[in-house]
Every structure is written in structure tokens, then in C-alpha cells.
Amino acid sequence: RFQIQRGKTDPTSYKSLGDCFRTIFQREGLLGFYKGILPPILAETPKRAVKFFTFEQYKKLLGYASLPPGLAFAVAGLGSGLTEAVVVNPFEVVKVTLQTNKNAFTEQPSSFVQAQQIIKTGGLGFQGLNKGLTATLGRHGVFNMVYFGFYFNVKNILPINKDPNLEFLRKFGIGLVSGTIASIINIPFDVAKSRIQGPQPVPGEIKYRTCFKTMATVYKEEG
């Protein structure tokens, strides 16, 4: 909801995270927080499988290129993220469409009906079920590149602890920092994806069409 609102001039703008939670609860009920839950559940298993399987495969292939380990991890992460994005994007289109619907949970269509409506109006291509693919490629590619590159490089630098509790904290801390940095860097792609896949400001008029043009528009209008 934060990503699709267009600054303070948007009449439906949420003032804060707390205000957003209160407004959704008051207008849409408790189930309003669970809109679009089915697509990510359905995508989670294939997404994780593709991410880690392809990461290992790209890492093996890059072993023949004699790249420095740090760079190899980052490039393998980028490749796994791009591959993962292709699998995830149709689910994301359905999820965003459901989550931006401000009707009550019981009044909106199911995930499958919503997917059918998207295919019927836009098809399977870049106007329909694969809308915003470039932004999704950027979101997952950049995230995995930074995450895997940072995680494995820092993990190899920091000494291993013999104490299992301290070793757990070492890995947990590195993972936490890796995920935080990766999220900060990839969030512009995520905002662009939400704008492209979500409702346009003027019905029937496409304002947010491509990834980088959307980023430029958001930067120009909202900073």
C-alpha cells in the first residue's frame, strides 16, 4: 500500500505504518491483512528450490572462469535471482492486484479468479500475467547478488567459533546484515514493480509502463 500511493498529494495516502494498519483494519477487517496470501504460498516452494539450485549451478559454471571467489558468489547470486524472478513474477502480479484492492476480503475475487481475469484482459505477456517482469528481475537479481556476495564473503572472513551458540549468532548476524543491505539496495525495483503491477493513477491510462521509466517518474515527482 505504501509503494503504490503517490506521495502526500494522494487522497488515500497513509500517514504512517500504524495509520496504515488501523485504516486497513477499520475499512477491510482483520482478513484485509491477508489479501494475496495464496500466490506467495504457492510460489514459495518452487522459488526457494530454483534460487538455491541455480545458485549452486551458476557457482560451478563460474568456477571454470577463474573469477575471484567474492565476485563469483555475487555473479552466481545475480544469476539465481534473475532465474527466480521468471518463476515468481506471475504470482507477484496476482498478489499485488489482490493486495491493492481496497474492498473487503469477502468481496474480492479469489486468487484463481483474479488470475483468470488478468489473463483474459492482458494475456500471458507483458501486459498481463508477466507485467513488470523487468522490475521483478531487478528486484530479485540485485537482492540475491548483494545477499549471496556479502554473506559468503563476510562469512569466510570472520573466524568460525567453536562454541555452537556463538557460531549460530555469527551466521545469524551475517545473514541479518546481508538481508538488510540487500533490501535497502533493491527497494527501488520493488517500488517500480508495485507501481507497474498495481492500479494506475488514471483508469484506462498507463502511466507506469517500464521499470527504469517508472523509477525516473517516481524520482522526479516524489524524490
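This is a predicted model, so every value here is computed, not measured.
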Discussion item. Give me the atom names and distance for the closest heavy-atom approach of Cys211 to Phe189.
Written reply: SG-CD2, 3.8 Å

Worksheet item: What residues form a side chain to side chain donor-acceptor pair (under 3.5 Å) with Thr83, not counting sequence neighbours?
Response: Tyr58

Discussion item. Set out, in order, the CA-CA distance, both residues' side-chain angles and the distance that settles side chain to side chain contact (heavy atoms under 4.5 Å, CB included) for Ile187 and Gln3, then state yes or no.
Written reply: CA-CA 10 Å; Ile187 194 69; Gln3 289 178 343; 3.6 Å; yes

Discussion item. Main chain of Gly77, side chain of Ser80: is a donor-acceptor contact present, judged purely on distance under 3.5 Å?
Written reply: yes

Worksheet, complete the sentence: Nearest heavy-atom approach of Asn153 to Pro69 is OD1-C, 4.5 Å

Worksheet entry | Phe148 and its ring pair (Phe, Tyr, Trp, His ring centres under 6.0 Å) partner, picked from Phe143, Phe55, Phe73 | Phe55

Discussion item. With rounding to the nearest 0.5 angstrom, report the OG1 to CG distance, Thr121 to Leu129.
Written reply: 10.0 Å

Worksheet item: Are Ile181 and Val154 connected in the hydrophobic side-chain network, where two residues link if heavy atoms are under 4.5 Å apart?
Response: yes

Worksheet item: Do Lys193 side-chain atoms and Gly138 backbone N/O form a donor-acceptor pair below 3.5 Å?
Response: no

Worksheet item: Does CD in Gln127 sit with more than 12 non-hydrogen atoms of other residues, nucleotides or ligands closer than 6.0 Å?
Response: no

Fill in: Test of ring centre spacing under 6.0 Å for Phe33 and Phe21
yes

Fill in: Gln200 CD to Glu205 CD distance, which is reported to the nearest 0.5 Å
8.5 Å

Worksheet item: Of all heavy-atom pairs between Gly132 and Asn89, which one has the smallest distance, and what is that distance?
Response: O-OD1, 3.6 Å

Discussion item. Let's go through Ile119 and Leu124 carefully: what are the C-alpha distance in whole Å and the side-chain angles of both, what is the deciding distance for side chain to side chain contact (heavy atoms under 4.5 Å, CB included) to 0.1 Å, and is it a yes or a no?
Written reply: CA-CA 6 Å; Ile119 294 170; Leu124 297 172; 3.9 Å; yes

Worksheet item: Any link between Ile185 and Phe212 through a network of hydrophobic side chains (Ile, Leu, Val, Met, Phe, Trp, Tyr) touching at under 4.5 Å?
Response: yes

Discussion item. Could you check whether Glu222 pairs with Arg195 (Lys NZ or Arg NE/NH1/NH2 to Asp/Glu carboxylate O, under 4.0 Å)?
Written reply: yes

Worksheet item: Would Lys59 count as a cation-pi partner of Phe152, with NZ or CZ less than 6.0 Å from the six-membered ring centre and within 45° of the ring normal?
Response: yes

Worksheet item: Heavy-atom count around Ile160 CD1 within 6.0 Å, excluding the residue itself: above 12?
Response: no

Worksheet entry | Side-chain heavy atoms of Thr136 within contact of Val86, under 4.5 Å | no

Fill in: ILVMFWY network linking Val50 to Val88, side-chain heavy atoms under 4.5 angstrom
no

Discussion item. How long is the straight-line distance from OG1 of Thr217 back to CZ of Arg209, given to the nearest 0.5 Å?
Written reply: 11.5 Å

Discussion item. Between Val146 and Phe52, is there shared hydrophobic-cluster membership here, with clusters defined by ILVMFWY side-chain heavy atoms closer than 4.5 Å?
Written reply: yes

Worksheet item: Side chains of Val202 and Lys207: closer than 4.5 Å at any heavy-atom pair?
Response: no

Worksheet item: Would a hydrophobic clustering, with Ile, Leu, Val, Met, Phe, Trp and Tyr connected at side-chain separations under 4.5 Å, put Ile37 with Ile118?
Response: no

Worksheet item: Can you tell me how far the CD1 atom of Ile4 sits from the OH atom of Tyr208, to the nearest 0.5 Å?
Response: 10.0 Å

Practice prompt. Look up atom NZ in Lys47 and atom NE2 in His140, then write down how far apart they are to the nearest 0.5 Å.
Written response: 6.0 Å

Worksheet entry | Check: Asn101/Glu107 side-chain N/O donor and acceptor closer than 3.5 Å | no

Discussion item. Quick check: closest heavy atoms across Gly81 and Asn144, and the distance to 0.1 Å?
Written reply: CA-ND2, 3.1 Å

Item to complete: Using the side chain to side chain contact (heavy atoms under 4.5 Å, CB included) rule, take Phe126 and Thr134 through it: C-alpha gap first, then chi angles, then the decisive distance, then the call.
Response: CA-CA 9 Å; Phe126 299 133; Thr134 305; over 6 Å; no

Worksheet item: If you measure from OG1 on Thr100 to CD on Gln197, what distance do you get to the nearest 0.5 Å?
Response: 10.0 Å

Worksheet item: Yes or no on side chain to side chain contact (heavy atoms under 4.5 Å, CB included) for Thr54 and Glu84, after CA distance, side-chain angles and deciding distance?
Response: CA-CA 9 Å; Thr54 56; Glu84 175 190 27; over 6 Å; no

Worksheet item: Under a 4.5 Å cut-off applied to non-hydrogen side-chain atoms, are Phe2 and Leu17 in contact?
Response: yes

Discussion item. Between the side chains of Glu56 and Lys60, is the shortest nitrogen-to-carboxylate-oxygen separation below 4.0 Å, so that they form an ion pair?
Written reply: no

Worksheet item: Has the side chain of Arg170 got a donor or acceptor atom that lies under 3.5 Å from a matching backbone atom of Leu158?
Response: yes

Discussion item. A quick test of your reading: do over 12 heavy atoms of other residues, nucleotides or ligands sit less than 6.0 Å from NZ of Lys213?
Written reply: no

Discussion item. Tell me the closest heavy-atom pair linking Val113 and Pro109, and the distance in Å.
Written reply: CG1-CB, 3.7 Å

Worksheet item: Looking only at heavy atoms, what is the nearest atom pair of Pro39 and Val94, with distance?
Response: CG-CG1, 3.9 Å

